[in-house]
Amino acid sequence: MTQPQLNEFIPPPECPVFEPSWEEFADPFAYINKIRPIAEKTGICKIRPPPEWQPPFACDVDRLKFTPRIQRLNELEAQTRVKLNFLDQIAKFWELQGCTLKIPHVERKILDLYQLNKLVNEEGGFDAVCKDRRWTKISVKMGFAPGKAIGSHLRAHYERILYPYNLFQTGSNLPVRHFSFLFSGEQQRDYHFLQKATLTNDTKDKEYTPHDLPQRQSVQPQETCSIARRAKRMKSEKSVKAEPGEFCKTRPNLRRRMGTYVSYQKNCFTQVDHYMCLVCGSGSSEDRLLLCDGCDDSYHIFCLIPPLHDVPKGDWRCPKCLAQECGKPPVAFGFEQAGRSYTLQAFGDMADSFKSDYFNMPVHMVPTELVEKEFWRLVSTIEEDVTVEYGADIASKEFGSGFPVRNSHFQVSPEDEHYLTSGWNLNNMPVLDASVLTHVTADICGMKLPWLYVGMCFSSFCWHIEDHWTIYLGIMGEPKTWYGAPGYAAEHLEAVMKKLAPELFESQPDLLHQLVTIMNPNTLMNNGVPIYRTNQCAGEFVITFPRAYHSGFNQGFNFAEAVNFCTMDWLPIGRNCVKHYRQLSRYCVFSHDEMICNMACKADTMDVDLASAIHKDMTTMIQEEEELRQKTKKMGVVQSRQVDYEVLPDEERQCCKCWTTCYLSGITCACSPQKTVCLYHTQNLCSCPQSNLTLHYKFTLDELYSMMVSIKLRAESYKDWVRSVEEILENKGNKKRGLDELHSLVEQAETKVFSHTSLLDQLRTVTSEADKVAVVAQQLLNGKRQTRYRSGGGKSQNQNELTVEELRGFVRQLDSLPCNIRQAPLLKDLLTRVDDFQQRSERLLSDESPSPLELQDLLDVSLGLDVELPQLPLLRERLEQARWLEAVHQASGRPDSLCLDTMRRLIDQGVGLAPHSSVERAMARLQELLTVSEQWEERVLSLMEARPYHSLDTLDAALQEVENIPAYLPNCLQLKDVVTKAKKWLHEAEALQLGGRIPVLESLSELVLRADGIPVKLDPLSRLEALINDVQMWKESAAKTFLLKNSPFSLLEVNRHTNGVSILHLPIRTNKESISKKSSTKLESVCDVERALSESKDSASAMVTLAEVRQREMEILLALRASNESKFLPGENCYALSVCVCQKAPSGAMVQCELCRDIFHCGCVETTVDLEYGQAWLCPLCQQSRKPPLDKVLPLLASLQRIRVRLPEGDALRFLIERTVRWQHRVQQALQASYNSAKYRISSHLSQEINGSSFYTEHQSVPLQGLGPELEELMVEGFLLQVTLPETEQLYRYLLYKLAPLPSHSTPCGGNTEQDQHEKAKKCRKKSKKSKERSEESQSSPTHSVSDPAPSDSEEDYSLCAAPWCREPEGDEVNWVQCDGSCNQWFHQICVGLSAERAEKEDYICISCSQPDYDDCERRMKTKK
């Protein structure tokens, strides 16, 4: 069985949603008053607190246990309930007649019997519809398609089900005796028709089960609040008592059908005849005679209207009992209580399980839109009975509020303590100062104390307005869907509901006050009622405004909390509500008059706005009270008594007529002292004479007027203040008051806590504006607001200055302000100076190139004008431009300091300037100069960095072009310096060799070194570098020739004969101080000698310097020899001697140096073990060079002369050769002079014993005794010469042979006699092979002139040694060597100091052949110079 598809639910528009800031959220009433003009238009609104506002849940969940109400959804909707009530009446009608109602189907849809009955009645009734054949019209109105003969089906169903009920409603079925004579013709026709009509049902029809609404409506909710004074929403105000004969479903049948009884009681016919049919009066047809189970009357089944075919199986009621049973007034509708109690956890589990099972999905996934559409579908259908439970009106005082409160079981954490005093805490809001409910002394559950609501899916709260039309505020957990209508549409909504469901209001006029009826918002909107909706989620507030109807349902399990509060604007609304309640005879939650009087007693501390509102309401109250007392006095009530109504409970002071709570006055009578009526219903108390009535009053009229006066004074103090403020704001011209009086009025408003009105805002605005003008003017005049800088007139961004227009406005406003400003003349003077500044600014700004000084002066003037001047930015721009142009001009005037960075900096500064023609021109010139300069800088740098270097002409040409650029270019200046250096270098290079002069190596090297730093192609450089390279090669060759391997001496030290200098500084030398005293202070080191040679102008001066060095060297060395020789004299302390390189005492085998005459341990120095007799030994300190032969040294000098570079080493080499030649000449002369001199021999072997320490020399040396100074000097100088000369060895052998002859085998000294030597000379002599070959070759070569002719071959064996110092060696074999020079003379190898190996490998030239003529040599040397 299905019902015609209803229109889909369309959600109404959303109500306003507000999201206050923390500042707005701080004051609840101020914010509600702020949003009220907007929210009141929709009746409801939603407020979302700031996200951080999260109060803790403080309800005592463990103690919270409640019994919910049962809600059957399709019984809630008004129109659906009307249909259910109608069907219940039809079902009851047929049930009392023993039949079961089954609702038929038409076109596979359940037939709406209520609509069918209503449409037939609207068309004039069954007879009229049948007569005019309007069943098809009715079928179309019911939504069936025409043309399918639906009308005939509807007529049949109406005849069968509804027509008998309508006849019953009209009383046509009541029994009348002899009805055939009493009925009219039409009634008889109906009777015969009804005889045929039976409640036969189609098998497809669905049996209807009554909802038993009257049975369940008698169950009322429990009173959960022991101190509740709120209206009992669930109670009926007019109780209906059940009559004694009321039908009870559980009552057993008292009598059975007589027909059945008679068939078994045949002996009791007389008793059966006693039962007569009340219709026909006959007792016949006993088996067809029915006995009523209600009144025991008898009726034939065929006499009934409609007649019955068979005896009913169940209980049966006669027409009179049926009329009595069905005619009972309906019981007021209400919710029954559930059979069990729930804890919050148990209810939540049940609610979640119901929702998830119903929608077959998790509860959190069910969309709110789906739940909303399903809810309105369920409440509008009669086919589906969905039952839910709703825990409503649970007292928070008993179980605890969801918000934290003080002294409760819930422990509030320190960070949540501010929620205890929050205005949005529902426990605090009703009793805040701004709420008038705080003056109601009693605790009212649901109004001053929050009520709790625990809902589940589909549980709903029906259309209602708050008690006393107060403002409602609720906060909750899970979503709840709200619908609301604005307060101005309340009467319209009531009218629409009464129109659409009049049956409900006929039986229950205060239906909308019982919270048991809802109506689809779409239905209300279709009838012109404005409806708005919202979904309230967790933590959100919903506010309903006065007389705003609202309803809704829960989307799922939630826990909500609500409370009422009232502002001063509600007072007249509340008084009208009391009047409305009086008309409806509805309970009042509290006494409105009592609240007003309580507030009037606190007039001195009351808010003035509230006092004004109370004064208006109290005026109305006293006028009504005075009129009523006068009226009752005229009625004859003369007795009166003052009563303290506050101590009486509400039940004892409620009007028994209108249920209004009496406070100011009431009427009682001695006949019924427990009854009281208000003065509006004096006549409804009792029937006693009026004189017996007593007037009870709380205050006398004088007391009421006195209270009103106190309120008036409080309110009028505000009015006086308002009047003074208005006079100040309206007075103009010369009657202006001082600024202090304005401040006094503002202070008075704050002290007396006047309401925040627009007038106060205006006064504050005017005062603030005047203060601003005065303060700003004073600051401008005192110069305290100077915020500009001296350099540019800038100002701080944080300082808000007056503009010129504002200054003008200040001056203009002086006359319009309601007070006098003493700075007015000074402000006008300031404005005059500002105008002068603006004129000067315009003149300077129009100038093409203003002076920076003038601009700065004008900006300095602005420092005294503490106003915002629009010309200042332009003046600052022009000042920056002028300063920049001046900087550019100054930089251009000093090209020597105008570098690229300066140009770039100026350009960067110019880019940041405001555009101007002069700036653009200067920027163009500067940019062009920068571009040219950068290009030349790069070009010059590339020229200087080019490899190979550019020629001087190229660089000079580039330099000529660069010199025309007026800028400081480092690279160009560097180029200029390079060109200058190059020219200077070339000049010096040319001057160095000018006139064929030989350059000095040091000058040449310095010149080449300087050329490395000149990036120019220098043509002479390669030639000079070649010369230096040749010099280096020459020095390397000379070093290889002279220096020993790893020699510590330099070439200059060796060739410059600096031995004496070096020896002077040796630590092993003795008597150093005495020797150094004799030396000159000049040329004491090698550096001094080298510096002296470098400073010498030519070779001659260099020779002089070297000769001085040679002289000092000889002096030092001779002194050293004498000093060393003196150490070994007898008598010296041997242990005190320090000899050798080890500086120890002499001992054992020693060797003596022939040059320095010092002795050395044989183990400390390298000695030639096989050193032959006649070979000189020099110590490591005296042996400084290789001493190359002279023929290897001469080529070095020749090659140096070819290089044509003068260097110290060359001068030293030249001096060495000249010295050598001179020494050779001296040696030859000395030898020839001493050849025929007397010969003496002295042993040179040292063998001494000094103080017990003995030592001896391994090698024989020339003794100094007997050696003349000339020969000693020759020998010393020969050893000093760094060349190997045979004369050196010959001289040494000669001196050694003469002074220390070779010892014989029998003597330690090895000396021979002259006779032995003469004999040896006569022995055959053996010549070396090489010597012979050399002699043969020498015969064919040119010969030098010699003093003695060469001996012939035949005389070879008998010739003597040609050496003047011949030592006449003896032995079996004597080695000879022939001179390879021009003389071809023969010499003993031992006499000329040659070894056999050396004679074989090298040519030997005697001293006579190797010594050229000294004069020729001197001449050649001068020619080379």
Side-chain angles (χ1 to χ4, degrees), residues 17-32 46-66 224-225 227 342-349 351-352 363-364 391 393-435 437-438 443 445-455 472-480 535-543 554-565:
V17 179
F18 300 96
E19 297 180 354
S21 63
W22 271 113
E23 292 75 12
E24 296 173 328
F25 195 71
D27 189 348
F29 284 91
Y31 185 70
I32 293 173
K46 183 167 66 174
I47 297 178
R48 289 195 185 103
E52 296 80 8
W53 197 79
Q54 297 289 338
F57 184 70
C59 183
D60 190 356
V61 178
D62 298 331
R63 292 180 56 243
L64 178 60
K65 193 172 184 180
F66 60 95
T224 59
C225 184
I227 58 173
Y342 290 92
T343 62
L344 193 61
Q345 179 66 35
F347 189 86
D349 295 340
D352 291 340
V363 292
H364 64 278
D393 298 343
I394 303 173
S396 63
K397 187 171 184 179
E398 182 177 353
F399 302 106
S401 169
F403 287 93
V405 294
R406 297 189 185 277
N407 302 324
S408 66
H409 73 284
F410 183 78
Q411 297 296 327
V412 182
S413 60
E415 57 269 16
D416 293 336
E417 286 185 353
H418 63 279
Y419 292 109
L420 293 172
T421 58
S422 173
W424 294 93
N425 186 328
L426 298 190
N427 298 279
N428 301 331
M429 180 167 283
V431 295
L432 292 178
D433 293 338
S435 175
L437 291 183
T438 189
D443 292 334
C445 287
M447 293 194 72
K448 289 186 66 177
L449 296 178
W451 260 352
L452 307 179
Y453 300 86
V454 184
Y472 168 87
L473 179 67
I475 186 170
M476 58 164 299
E478 296 302 322
K480 181 193 291 280
N535 286 328
Q536 182 187 11
C537 299
E540 296 177 342
F541 290 97
V542 168
I543 298 180
N554 296 295
Q555 292 277 344
F557 171 63
N558 57 37
F559 182 92
E561 187 169 353
V563 79
N564 293 93
F565 65 95

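These figures come from a predicted structure and were not determined experimentally. Note that the numbering runs from 1 along the sequence shown for the chain.
Rounding to the nearest 0.5 Å places NZ of Lys46 at 6.5 Å from CG of Asn535. Distance check, rounded to the nearest 0.5 Å: CD of Glu561 to OH of Tyr453 gives 10.0 Å. Rounded to the nearest 0.5 angstrom, Tyr31 OH and Phe25 CZ are separated by 9.5 Å. In this structure, CG on Asn564 lies 9.5 Å from CH2 on Trp451, to the nearest 0.5 angstrom. In this structure, CD in Glu24 is found 10.5 Å from CZ in Phe18, a value given to the nearest 0.5 Å. If you take CG on Asn427 and OG1 on Thr421, they are separated by 12.5 Å, rounding to the nearest 0.5 Å.
The aromatic rings of Tyr342 and Phe347 stand perpendicular to each other, their planes meeting at an angle above 60°, with 30° marking the opposite boundary. Between Phe29 and Phe565, the ring planes lie perpendicular to each other; the angle is over 60°, past the 30° to 60° tilted range.
Minimum interatomic distance between Cys59 and Leu452 (heavy atoms only, all atoms of both residues): SG-CD1, 4.3 Å. When all heavy atoms of Phe557 and Ala351 are compared, the closest pair comes out as CB-CB, 3.7 Å. Of all heavy-atom pairs between Phe559 and Leu64, the closest is CE1-CD2, 3.7 Å. Taking all atoms of both residues into account, the shortest heavy-atom contact from Met429 to Pro28 is CE-CB, 3.6 Å. The heavy-atom pair separating Pro404 from Asn425 by the smallest distance is O-ND2, 3.0 Å. Contact record, Asp352 with Val363: O-CG1, 3.4 Å, taken as the closest heavy-atom pair.
Here the side chains of Val412 and Tyr419 are not in contact, with every heavy-atom distance at 4.5 Å or above.
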**Request:** Evaluate the criterion side-chain contact (heavy atoms from CB on, under 4.5 Å) for residue pair Phe403 and Ser422; output intermediate values, then yes/no.
**Result:** CA-CA 10 Å; Phe403 287 93; Ser422 173; over 6 Å; no
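In the displayed structure, Glu415 atom CD is contacted under 6.0 Å by more than 12 heavy atoms of other residues, nucleotides or ligands.
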